[in-house]
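Right, one structure below, let's go through it.
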Amino acid sequence: MRTTLTTEQPVRTTDITPTPAVTAADADPGLQSAARRARRRRTALVWLGRIVVPVVIIGGWQWFTAAGVVDKFFFGQPSGVWHSLVQLFTKGTAFGSIWLNLEITIREAVYGFLLGTGAGIVFGLALGQNRFLADVLGPYIKVANSIPRIILGSIFVVAFGLGTFPKVLLAAVLVFFIVFFNAFQGVREVDQNLVANVRVLGASPFQVARHVTVPSALTWIIASLHTAFGFAIIGALVAEVLGAQHGIGLVIVQAQGQFDMDTVFACMLIMAVVTLVAEYLLTLLERRVLGWRPPSRSEVAAI
Amino acid sequence: MAQPAPGAARIEIIGLTKRFLTPKGRPFTAIQDVSFTVEPGQFCAIVGPTGCGKSTTLGQVSGLDRPSAGRVLVGGQEVRGITKGVSFMFQADALFPWKTVLGNVMIGPVLAGRAKKQAARLARDWLRRVGLAGFEDRYPHQLSGGMRKRVAMAAALINEPKILLMDEPFGALDVQTKAIMQTELLGLWEQTRPSVLFITHDLDEAVALADRVLIMTSGPGSIKQSFEIDLPRPRGEVQAIRHEPRFLELQHQIWSSLKDEVERAYAQTAGVAA
Ligand SMILES: Nc1ncnc2c1ncn2[C@@H]1O[C@H](COP(=O)(O)OP(=O)(O)OP(=O)(O)O)[C@@H](O)[C@H]1O
Ligand SMILES: [Mg+2]
């Protein structure tokens, strides 16, 4: 039967059958170069704006502190921050080289991030798909979520000592709730038409999850990872502030104790760079996994 | 009339009743005592006022939903769980936004356990048949509404179903595209001849496509009347058939039967709102 089916389809449809070929109007060279010029001009403007903003902020800060309007003892000074940065990287800290401390903090944050994300996805998918489980555990998750979780840091540090484990744990707890709620919501928002569609085609519950639920929840999960990584860093730093032997958080507390605001700012900058790099990596992941998504209106490659 | 496909199945619906619980917890009868039979290879259209339970009826036939009372038999077998060999074209868009056009059409054979490569080859062939060759790598949001419907149609037909359930498949299309899609559907249907249950609001569509048109009463829905459409097959261009005297005669008969129901349904909902 299959071979008889492959006979040509009626030609009568050709009048609306769209052809993917480039039409003459699209290939007009004048239109193309005009579009390119418009895009280049916009890019230049954006970059100009991007340069002006930090110049104004940092320049203003330097100028106000230098003129004595703002006390640099309390608020630091850009040139001092730069000096501290150089010191940190050349002389190191009281707790070993800056690289060692940075590595420890990043490792804690990344482990916490992975642990929290993994647990969040597993619980989110499970509870999202199982109404009974969701009804039973729902109230407890709400209660757990309303605990100010930073305080858990004190408990973890007392319970598990000054090593990396309590930091990983605090970071994971912070990450968990963000990812969990997103995964859960993602499963709940699954288009029931799609579920019905694959079920009619004979999909098993596992195939429904594989083809519909998980891909659909992935949009929500990946969106939450940006926020989640920021919280992983916060968790690691706060736990270090509460008690540690190494780590950027410890460097910050020590500097704070010595009223060395420049070093505090320098550490802040370092962690900001780390977060930006992570953000970039997450964006790459997002592009890979969510490449199918329609771009928002303004992003559409239109002229 | 051409022969029905060897696998085409008879659909028997006997005393089908479906009740829902409203959010307030009161039972609500959507359809009551619906009985009809679709012969193997028959194209059966259902028309009726909005909310009369047409989609609900299809839900029972597909096995996505269970009847509150009555029975649904497909090929002599009572429907338990998902009916085998059914394809469903839904009222709402049911394409996977994260799959390409090819991936969307492939899903049927893949779920039926075919190898990926073979499924892709089959899907390409079907895309060509609905006039979408060259669009395999696009995502649904990059297609027009009419093209999305073609993808849905290819996805519904690729498994060569015994039964094709279509819930207002062309409801949201413009008149010209709709006519072209209808003609295409007829052409494809005549090749494989599954039994079809086709829901529509469009009387012209029902008469032009179907062997039989069922009229449903407004809620709770039941079958009011059945019309045999004796227009010859193959019917060819849907637009052309619209002007034949027999078509107009049938269309007029069905409309006078349906009009009362539509008016009654409208009065009902207006009464609720008042
Ligand atoms: N899950 C549900 N719970 C409660 N009521 C429902 C449910 N599904 C459908 N109904 C009700 O059953 C009735 C029939 O619905 P159905 O979707 O079958 O109508 P329809 O004939 O397909 O309408 P339309 O032509 O507008 O698509 C409606 O009054 C609707 O409100
Ligand atoms: Mg409906």
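Fair warning: this is a prediction, and the values are worked out from it, not measured in the lab. Below, chain A is the first sequence line, B the second, and so on; all start at residue 1.
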Please look at A:D191 and chain B and tell me whether the side chain, the backbone, both or neither of the residue comes under 4.5 angstrom of a heavy atom of that chain. side chain

Other residues, nucleotides and ligands only: do more than 12 of their heavy atoms fall within 6.0 Å of CZ on A:F231? no

Please classify the contact of B:L64 with chain A as side chain, backbone, both or neither, using a heavy-atom distance under 4.5 Å. both

Nearest heavy-atom approach of A:L194 to B:A94 is CD2-O, 3.3 Å

At a heavy-atom distance under 4.5 Å, which candidate from B:G108, B:G85, B:P97, B:G81 has the highest pair count against chain A? B:P97

Which bit of B:L95 comes within less than 4.5 Å of chain A, counting heavy atoms only: side chain, backbone, both or neither? backbone

Check the pair B:L111, A:H211 against side chain to side chain contact (heavy atoms under 4.5 Å, CB included), reporting the backbone distance first and the verdict last. CA-CA 10 Å; B:L111 287 178; A:H211 287 282; 3.9 Å; yes

From the list A:A196, A:G202, A:A203, the residue making the most non-hydrogen contacts under 4.5 Å with chain B is A:A196

Within 6.0 Å of CZ in A:R50, more than 12 heavy atoms from elsewhere: yes

Exceeds 12 heavy-atom contacts within 6.0 angstrom, atom CZ of A:R210: no

So for atom NZ, which belongs to B:K84, do other residues, nucleotides or ligands contribute more than 12 heavy atoms lying within a distance under 6.0 Å? no

Taking CZ in A:F123 as the centre, count heavy atoms belonging to other residues, nucleotides or ligands within less than 6.0 Å. Is the count above 12? no

Taking atom CD of A:E189 as the centre, does the number of heavy atoms from other residues, nucleotides or ligands within less than 6.0 Å exceed 12? yes

Of the options A:L201, A:V212, A:N197, which is the one that meets B:I107 in a side chain to side chain contact (heavy atoms under 4.5 Å, CB included)? A:L201

Test B:F96 against A:V198 for side chain to side chain contact (heavy atoms under 4.5 Å, CB included), laying out the working first. CA-CA 10 Å; B:F96 300 90; A:V198 290; 3.3 Å; yes

Measure distances from A:S216 to the heavy atoms of chain B and classify the residue's part below 4.5 Å as side chain, backbone, both or neither. both

Within this structure, what is the CZ-CZ distance for the pair B:F88 and A:R199, rounded to the nearest 0.5 Å? 11.5 Å

Got more than 12 heavy atoms from elsewhere within 6.0 Å of CZ, A:F177? yes

